[in-house]
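Each remark here refers to the structure printed beneath this line.
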Number of protein chains: 2
Amino acid sequence: MTTSPNSVIVVIEDDPAIRQFLRTGLGTHGFKIFEAENGQRGIIEAGIRKPDFIILDLGLPDMDGVDVIKKIREWSAIPIIVLSARSNEQHKIGALDAGADDYLTKPFGLGELLARIRVAMRHSFHNPSQSQNNIFVSGALKVDLLKRQVFTNEQEVHLTPIQYRLLSVLVKNAGKVLTHQYLLKEIWGPSHKDNSHYLRIYMSQLRQKLEIEPTQPQYLLTESGIGYRLKF
Amino acid sequence: MTTSPNSVIVVIEDDPAIRQFLRTGLGTHGFKIFEAENGQRGIIEAGIRKPDFIILDLGLPDMDGVDVIKKIREWSAIPIIVLSARSNEQHKIGALDAGADDYLTKPFGLGELLARIRVAMRHSFHNPSQSQNNIFVSGALKVDLLKRQVFTNEQEVHLTPIQYRLLSVLVKNAGKVLTHQYLLKEIWGPSHKDNSHYLRIYMSQLRQKLEIEPTQPQYLLTESGIGYRLKF
DNA sequence: TAAAAAATTTACAGCATTTTTACATTAAAT
DNA sequence: ATTTAATGTAAAAATGCTGTAAATTTTTTA
């Protein structure tokens with residue numbers, strides 16, 4: 001596969017050899033990788049890098065991998081794929097029930113990992129307003145979540161990371177009103193709950209780029225006092 | 001775990017021993033099982049039983065398991081968990097990319113299978129296509145509490161935060177008479193117990209927006225001396 | 001390391017919503 | 001039928017929320 005999704009992955013793994021393997025293996029497939037070599041650091045990276053998913057080794061030096069999962073799940077639903085040397089069934093069950101989305105036993109092939117990443121991406125994109133290929137279309141606006149491409153009138157539009165992220169959250173919940181709090185938590189993480197200021201700025205930028213008449217938006221609608229929503 | 005979800009599963013598997021194993025193993029955990037011993041029959045069962053998910057053996061006598069997946073995916077997004085004796089990586093990738101949600105290599109433990117079923121359930125529960133029953137309809141009036149949208153005659157109506165809140169309280173208690181006190185407490189908080197003035201203003205605004213003949217309301221009815229109620 | 005891009009901060013104009021105020025209308029009671 | 005209490009409507013003033021541009025800092029890229 002030669003898709004270059006430009007997605008962001010946080011890898012939490014203490015073994016440098018496997019980190020190296022993932023860095024090159026996933027890197028050549030267009031992923032942007034951030035690494036952490038212990039659980040503490042991993043939780044922080046997950047918070048600040050806003051990854052599309054997380055690859056987590058259970059055997060970490062400083063804390064139990066299951067606790068890392070629980071900690072992340074306190075504020076986020078980012079897909080987590082677990083890697084582990086332990087093929088013990090109880091470990092698998094524990095990790096999956098703590099909130100992991102998949103579990104691979106070492107040794108594993110890069111091809112299988114990539115296939116399971118694609119499964120995770122399908123899941124996080126699924127929405128009734130999207131066709132089977134995870135492409136959202138409404139009027140002149142088209143968003144391809146898999147390829148990370150945005151079009152208006154068949155013309156590709158470049159978005160910055162935050163702009164794209166905001167749009168993708170709106171697309172994944174097309175039609176629904178999303179509160180300021182929810183959007184801020186999804187995009188800037190749990191610490192920026194009150195900066196609803198940011199939202200206005202990025203919303204304005206998206207309208208400039210995507211709306212025909214930015215002052216009278218067709219797609220990116222304001223619900224004053226509540227939040228925003230994408231009309232479809 | 002003691003979840004007894006009463007979910008429906010279709011098992012597509014030719015080996016009677018494994019069917020037996022799944023029937024008892026899953027049966028005791030509260031699942032309702034329907035069985036098919038070949039691909040053709042499996043596709044039909046998937047169509048008529050409307051299962052919550054499908055467990056599929058790849059090594060079927062009549063057709064390739066990957067084609068079964070593709071056939072089902074033409075019309076449905078039901079989670080499919082694949083079982084296979086083949087640990088070959090290419091097979092895994094092929095099945096996952098065809099639309100399978102997970103892949104277990106035989107032999108596998110019942111505990112792991114159950115844990116992966118719980119993961120699949122988390123995914124399909126999280127996506128809104130199933131859990132979307134909060135739509136109130138009465139005549140030309142339609143209120144979607146999940147999306148926070150209001151329609152009259154299929155025409156969307158914009159409501160301000162307080163207008164919407166008032167309407168949603170009425171919708172959640174449709175048919176019941178709600179006292180002034182109760183409504184004021186729900187919407188403005190316990191401190192504004194006596195400003196029944198506000199209610200009249202917002203009730204009037206709602207009627208202007210939602211009733212065909214605001215002076216002779218069909219839905220938003222006054223119970224003089226008591227409060228208001230929404231007819232349905 | 002310098003240049004470019006992006007994120008954050010700052011500042012201000014404009015808009016929507018809520019609340020206040022004033023007055024008209026309808027329902028209940030003697 | 002008349003009076004009184006309760007309800008409905010309209011518009012103004014006050015408040016809080018939103019949109020945009022531009023300057024500054026930070027991060028990324030070449």
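Below, read A as the first sequence line, B as the second, and so on, with proteins coming before strands; counting in each chain starts at 1.
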For atom [atom1] of [X] and atom [atom2] of [N], their distance in whole Å:
X	N	atom1	atom2	value
B:Trp188	C:dT20	CH2	C1'	14 Å
A:Glu211	D:dG19	CD	C1'	14 Å
A:Tyr164	C:dA6	OH	P	15 Å
A:Ile226	C:dA16	CD1	C1'	13 Å
A:Asp194	D:dC17	CG	C1'	16 Å
B:Lys209	C:dA16	NZ	C1'	10 Å
A:Ile162	C:dT9	CD1	C1'	13 Å
A:Leu220	D:dT18	CG	C1'	15 Å

By salt bridge (charged side-chain N to carboxylate O under 4.0 Å, His left out), which residues pair with A:Arg41, not counting sequence neighbours?
->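 Listed in chain order: A:Glu45.
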Looking only at heavy atoms, what is the nearest atom pair of B:Met121 and B:Ser7, with distance?
->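 Smallest interatomic distance, heavy atoms only, reads CE-OG, 3.4 Å.
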Ring geometry between B:Phe136 and B:Phe232 (parallel below 30°, tilted from 30 to 60°, perpendicular above 60°) =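 B:Phe232 and B:Phe136: tilted rings.
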Look at the aromatic rings of A:Tyr228 and A:His180 and report parallel, tilted or perpendicular, splitting at 30° and 60°.
->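 Rings of A:Tyr228 and A:His180: perpendicular, over 60°.
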So, is A:Tyr228 close to the D:dG19 phosphate, meaning a side-chain N or O under 4.0 Å from OP1 or OP2?
->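 A:Tyr228 to D:dG19 OP1/OP2: side-chain N or O found under 4.0 Å.
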Would one find a side-chain N or O of A:Thr160 under 4.0 angstrom from OP1 or OP2 of C:dA5?
->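 So the side-chain polar atoms of A:Thr160 never come under 4.0 Å of the phosphate oxygens OP1 or OP2 of C:dA5.
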Find every protein N or O atom lying less than 3.5 Å from an N or O atom of nucleotides 25-29 of chain C, and list the pairs.
none

Side chains of B:Lys209 and B:Gln163, donor plus acceptor under 3.5 Å =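 The answer is yes; a qualifying pair exists.
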Neighbours of DNA chain D within residues 195-207 of chain B, by heavy-atom distance under 4.0 Å =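 Within residues 195-207 of chain B, the residues near DNA chain D are B:Arg200, B:Ile201, B:Ser204, B:Arg207.
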Cation over ring, B:Lys142 on B:Phe151, under 6.0 Å and within 45°?
->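 Yes, a cation-pi geometry.
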